[in-house]
Each structure stands twice: as structure tokens, then as C-alpha cells.
J.: 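Quick one: the structure is below, questions incoming.
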Amino acid sequence: MRTTVGIVGAGPAGLLLARLLHNAGVDSVVLESRDRAYVEQRQRAGILEQGTVDVLRAAGVGERMDREGLRHDGIELRFEKKRHRVDFPGLAGGRAVMVYAQTEVCKDLIARQLADGGPLLFEAEALAVEGVDGDSPRVRFRHEGREDVLECEYVVGCDGFWGVSRQAIPAELVRVFERTYPFGWLGVLADVPPSHDELVYARHDRGFALLSMRSPAVSRLYLQVPAGTDAESWGDEAIWDELERRFETDDDWKLERGPITQKSVTPMRSYVHEPMRHGRLFLAGDAAHIVPPTGAKGLNLAVGDVVTFARALTHQKETGSSELLDAYSATCLRRVWQAERFSYDMTTLLHPDPDATPFEDRLQLARLERIASSRAAETDLAEGYTGFPFG
């Protein structure tokens, strides 16, 4: 097989890149190791920044998002039983976010790709990315029981942290920056309407809690738990009791309970791989960086990466200049590190560290009080949450 851009991985990054390239008249082939059902059911992020929403609309895949997604103009912070709302449009130049699950984004992109895009091969396991130092890189893969080769001009690795793409970059050229947190998130899906119309981020002495949603009828809720916790060790009533404690307020707000349909534990880590480009291989999404979910940045960072690559390749096609392609890693990393900073700040702001001293606990509360009382501090949070510019 031959194509201009070989895309490894059909998560939101790979699928959106294929759509952007198709719209720019550039052919591509997408290889995905899992089957279609897995990709369309894999529960991940649910918050789309303003920039991501604009990109999906411009790419022609925003119709269902605009119909079914939930625009949010703010979040609520809770601490010491107090409530403080952060108004995004008023603080961040009119920007907002959209609650629309990654699974739904993938469904929309897959449908469009299969209808009018280039080849999208499911159950096509990438075995190796080779020849990225030359002009003709290739991806060896296994599909329908036999091994094949995809020859390309460029390879974009959207295959996540455990994928093969990063392995094609010589180890001596790589710098890795990472932090692992001593806690994770116990996440549940519940068949009950959300108890608040916007996301609630709660800092409590017993641990962090987040009230989110997947739809007007389905709640998504999270509890801070020790790293390595088994989700099944928590009974349903114990989860609701703990959520109620951590969301408690001084007013008459009430947490509505309902049947829990899914439980899982998400580990918390920060990770950046530099560089994000080597030769004709470009890394995007979780293959290059991971953020703790507190800042809702993972999916949005992946979108920023592929938008940057598509713009750079289109620029080369139109002008003959490789300037933007050559700058890909540096351009992406500027945004990546701002998102890493924001996600780290949100995580350390809201999660009591199990080893924290009383002094550090008080500083955490002082930081929250500062946001609640200072428009400048509140604006910094709103600007970070609604998203940093692409490019």
C-alpha cells in the first residue's frame, strides 16, 4: 500500500487528522489495531475546549455535537462547604467549553471517514515504523492474518503511550519528563440526571471529587482514591456516601443518587516526550504527552497536535516550504507545556496529598480563596480551562 500520510491509531487524533487531510486534498491511510466497536465504546475525555469545537465544526463533523453536546459557560469550585462559580465567557473573551464524550467524537469521525475519506483499517496492528530518517518511511502491519507494508511520505504516530511509533525515535535523542501522583480517580457512570448543570470541582479534606455528566440523563462522577485502588472494592452505596460528604455545602444543594452502571480507576500522571518529531515521523496525542485529567486537556492537546501537522503539510504543499513541518515539535511543545502546567496546577490545587503537612493544606485553601476573591487569578483559570491557542 502507498499513501502520502500513514496514520497509526484511530483515536480522536488519528481520525481527525485523516479528516483534515482529506479536506485539504491530501491522501492518507489509517491503521487501527482494535476493532470498530472498541474504538467507539472506549470511555475517555468528555470536555471539548472552544478551539476543539471550532475545529470539528470547520472539518464538517460538528452537526451532532451541536445538536447533542452541552455547552458549558463555567465550572463551580467547592471548598470548606463554600461554592464559587467561574464564569468562562465573562473572563475568557466569550469562550466556553462543550460536554461531548470522546466516544461520540470518534463515532462522528469514523462515519465520515468511511463515507468519503481514505482507507481506515480496523484490526490492523502496526508492528514497526521504519525508515523515518529517509524520504520513504513505512509502517509494517498485520491485517486479516497476513503481514503487509504501508509506504508513505510521512508517518504520524497517534497510537498512544503503548504504541510502536515512539520506538522509531533513537533513544539517545529522547528526553522524557514525567511525574506520577500518589492517587487516582475512581470514576463511575450513573443513570441519574446530573445534580448540577455545570461541572463541580470539590476540594475536601477527605479527597477531591468531581461532578460531571455525559448527557442530561447520565452523570459521570469521580472520587480521589489511593493509587492502585481496585474499583470493585468500593460498593455503590459507599461511593454515593463519599460523594455526598465531599460535595457538601452550607446551602440546601442535594446530590441525586441513581444506579451505577460502570466503575473504573484512572491513574494520574504527567508525561512529555521530546522531541515530537524525528525525520518523517511525527508524534501526536498520548504518544507524546499525557496529562492528569483534572484540567480536561488530553483530547484537546491531541487536536492541537494534528491541527498543527495538517496546517504545516498544507503549507508545504502550497508553498514548497518545509518551515512549518520543521517547527512542528517546538510549536506543539509550547502548547503542551502550558497544558501540563495548567493540569498540574489544577491537580495540586484540588487534591489533598496524602503526605501533605498542615502548612501545605492551608496553602491549598489559600490558593482557592485567591481564585474566589481575585478576578486576575480567576481569569487565569478560565483562560487555561477554555484552551490555549493552536499553533
Side-chain angles (χ1 to χ4, degrees), residues 46-47 70-92 96-97 99 183 185-190 192-214 216-226 234-258 260 293-296 342 345-354 356-382 384-386:
I47 304 294
L70 307 173
R71 175 188 161 104
H72 279 204
D73 287 333
I75 59 172
E76 183 173 289
L77 300 177
R78 291 191 187 176
F79 58 100
E80 303 285 90
K81 298 185 181 180
K82 295 180 288 189
R83 307 170 65 176
H84 177 77
R85 182 177 184 268
V86 179
D87 171 31
F88 292 157
L91 295 163
V97 297
V99 176
F183 43 77
W185 278 9
L186 169 63
V188 301
L189 278 175
V192 60
S195 300
H196 194 60
D197 55 2
E198 293 178 336
L199 273 69
V200 177
Y201 288 77
R203 188 272 181 202
H204 191 279
D205 288 342
R206 296 175 63 91
F208 167 77
L210 172 61
L211 187 158
S212 183
M213 64 279 298
R214 281 293 177 263
V218 177
S219 293
R220 183 74 162 150
L221 304 116
Y222 298 93
L223 285 171
Q224 176 184 345
V225 294
W234 279 77
D236 292 5
E237 287 305 307
I239 290 172
W240 286 117
D241 289 345
E242 190 63 25
L243 286 166
E244 202 163 75
R245 287 189 198 99
R246 298 187 192 184
F247 285 126
E248 186 181 4
T249 63
D250 281 331
D251 57 19
D252 59 357
W253 181 88
K254 182 182 177 184
L255 177 68
E256 299 296 335
R257 301 188 179 205
I260 291 175
T294 325
F342 178 77
D345 285 349
M346 287 286 284
T347 302
T348 57
L349 173 72
L350 294 161
H351 294 75
D353 189 307
T357 64
F359 177 82
E360 290 166 324
D361 286 336
R362 288 289 188 174
L363 284 183
Q364 205 172 42
L365 292 171
R367 290 168 64 194
L368 284 160
E369 292 282 6
R370 173 68 176 167
I371 292 168
S373 61
S374 163
R375 185 174 178 86
E378 194 179 23
T379 298
D380 185 61
L381 190 157
Y385 200 99
T386 55

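All residue numbers refer to positions in the sequence shown, counting from 1. Bear in mind the structure is a predicted one, so any value in this text is a computation, not a measurement.
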J.: If every non-hydrogen atom of D251 is compared with every non-hydrogen atom of W253, which pair is closest and at what distance?
T.: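 What the structure gives for the nearest pair is OD1-N, 3.1 Å.
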J.: Can you sort out the partners of D361 under side-chain hydrogen bond (donor to acceptor under 3.5 Å, both in side chains), two or more places apart, ordered by chain and number?
T.: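 With neighbours one apart ignored, the set is empty.
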J.: Strictly by modelled atom types, are R220 and Y222 linked by a side-chain donor-acceptor pair under 3.5 Å?
T.: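 Yes.
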J.: Between the main-chain N or O of A190 and the side-chain N or O of S219, is there a donor-acceptor pair closer than 3.5 Å?
T.: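 Judged by distance alone, no pair lies under 3.5 Å.
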J.: Between V225 and W234, is there a side-chain heavy-atom distance shorter than 4.5 Å?
T.: yes
J.: Side chain to side chain contact (heavy atoms under 4.5 Å, CB included) for T347 and F183? Distances and angles first, verdict last.
T.: CA-CA 11 Å; T347 302; F183 43 77; 3.9 Å; yes
J.: Determine, step by step, whether H351 and T294 satisfy the side chain to side chain contact (heavy atoms under 4.5 Å, CB included) criterion, reporting the C-alpha distance in whole Å, the side-chain angles of both residues, the deciding distance to 0.1 Å, and the verdict.
T.: CA-CA 10 Å; H351 294 75; T294 325; 3.6 Å; yes
J.: Would you call E242 and R245 a salt bridge, using N to O less than 4.0 angstrom?
T.: yes
J.: Start with the C-alpha distance between R71 and F88, add both sets of side-chain angles, then the distance that settles side chain to side chain contact (heavy atoms under 4.5 Å, CB included), and finish with yes or no.
T.: CA-CA 11 Å; R71 175 188 161 104; F88 292 157; over 6 Å; no
J.: Identify the two heavy atoms, one from V99 and one from M213, that lie closest to each other, and give their separation to 0.1 Å.
T.: CG1-O, 3.3 Å
J.: Could you grab the distance from atom CG of L210 to atom CG of L350, nearest 0.5 Å is fine?
T.: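 Atom-to-atom, L210:CG and L350:CG are 9.5 Å apart.
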J.: Give the C-alpha distance, both sets of side-chain angles, the deciding distance and a yes or no for side chain to side chain contact (heavy atoms under 4.5 Å, CB included) between Y385 and L199.
T.: CA-CA 12 Å; Y385 200 99; L199 273 69; 3.6 Å; yes
J.: Would you say that V192 contacts R257 through its side chain, given a criterion of any heavy-atom pair below 4.5 Å between the two side chains?
T.: no
J.: F208 vs Y201 aromatic rings, parallel, tilted or perpendicular, using cut-offs 30° and 60°?
T.: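 Correct class here is tilted.
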J.: What's the separation between atom CG in L363 and atom CG in L349, rounded to the nearest 0.5 Å?
T.: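 CG of L349 is found 11.5 Å from CG of L363.
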J.: Could you tell me whether the side chain of E256 reaches within less than 4.5 Å of the side chain of P193, counting heavy atoms only?
T.: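 Side-chain contact under 4.5 Å: no.
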J.: Is any side-chain heavy atom of K82 closer than 4.5 Å to one of L368?
T.: no
J.: Got a second to check how far Q364's CD is from D353's CG, nearest 0.5 Å?
T.: 8.5 Å
J.: Just verifying a value: how many Å separate L381 CG and R370 CZ, rounded to the nearest 0.5 Å?
T.: 13.0 Å
J.: Donor-acceptor check, side chain of E76 to backbone of R83, threshold 3.5 angstrom: yes or no?
T.: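 Not a single qualifying donor-acceptor pair exists.
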J.: What pair of heavy atoms forms the shortest contact from P216 to P194, and how long is it?
T.: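 In this case the closest contact between P216 and P194 is O-CD, 3.3 Å.
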J.: Answer yes or no: is there a side-chain heavy-atom contact under 4.5 Å between L221 and F247?
T.: yes
J.: Taking the side chain as everything from C-beta on, heavy atoms only, tell me whether R203 gets closer than 4.5 Å to D205.
T.: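 Of all side-chain heavy-atom pairs linking D205 with R203, at least one is under 4.5 Å.
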J.: I need the minimum non-hydrogen distance between R246 and G207, along with the two atoms involved.
T.: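 In terms of heavy atoms, the two residues are closest at CD-O, 3.2 Å.
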J.: Under 3.5 Å, side chain of W240 to main-chain N/O of G258, donor-acceptor pair present?
T.: yes
J.: Please find the pair of heavy atoms, one from I371 and one from H84, that lie closest to each other, and give the distance.
T.: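 For I371 versus H84, the nearest heavy atoms are O-NE2, 4.0 Å.
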J.: Tell me whether R85 is salt-bridged to D73, with the criterion being a basic N under 4.0 Å from an acidic carboxylate O.
T.: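 Salt bridge between R85 and D73, a charged N being under 4.0 Å from a carboxylate O: no.
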J.: Determine whether a donor-acceptor pair (N or O, by modelled atom type, separation under 3.5 Å) exists between the side chain of E378 and the backbone of S373.
T.: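 No; judged by distance alone, with no hydrogens or angles, the pair does not exist.
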J.: Hey, could you give me the CD/NE2 distance between E80 and H204, rounded to the nearest 0.5 Å?
T.: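 Those atoms lie 8.5 Å apart.
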J.: Can you name the closest pair of heavy atoms from L255 and E244 and give their distance?
T.: CD2-N, 3.8 Å
J.: Rounded to the nearest 0.5 Å, what separates atom CZ in R214 from atom CG in L70?
T.: 10.5 Å
J.: For atom CZ of R362, is the number of surrounding heavy atoms from other residues, nucleotides or ligands below 6.0 Å larger than 12?
T.: no
J.: Less than 4.0 Å between a side-chain N and a carboxylate O, is that true for E248 and R78?
T.: no
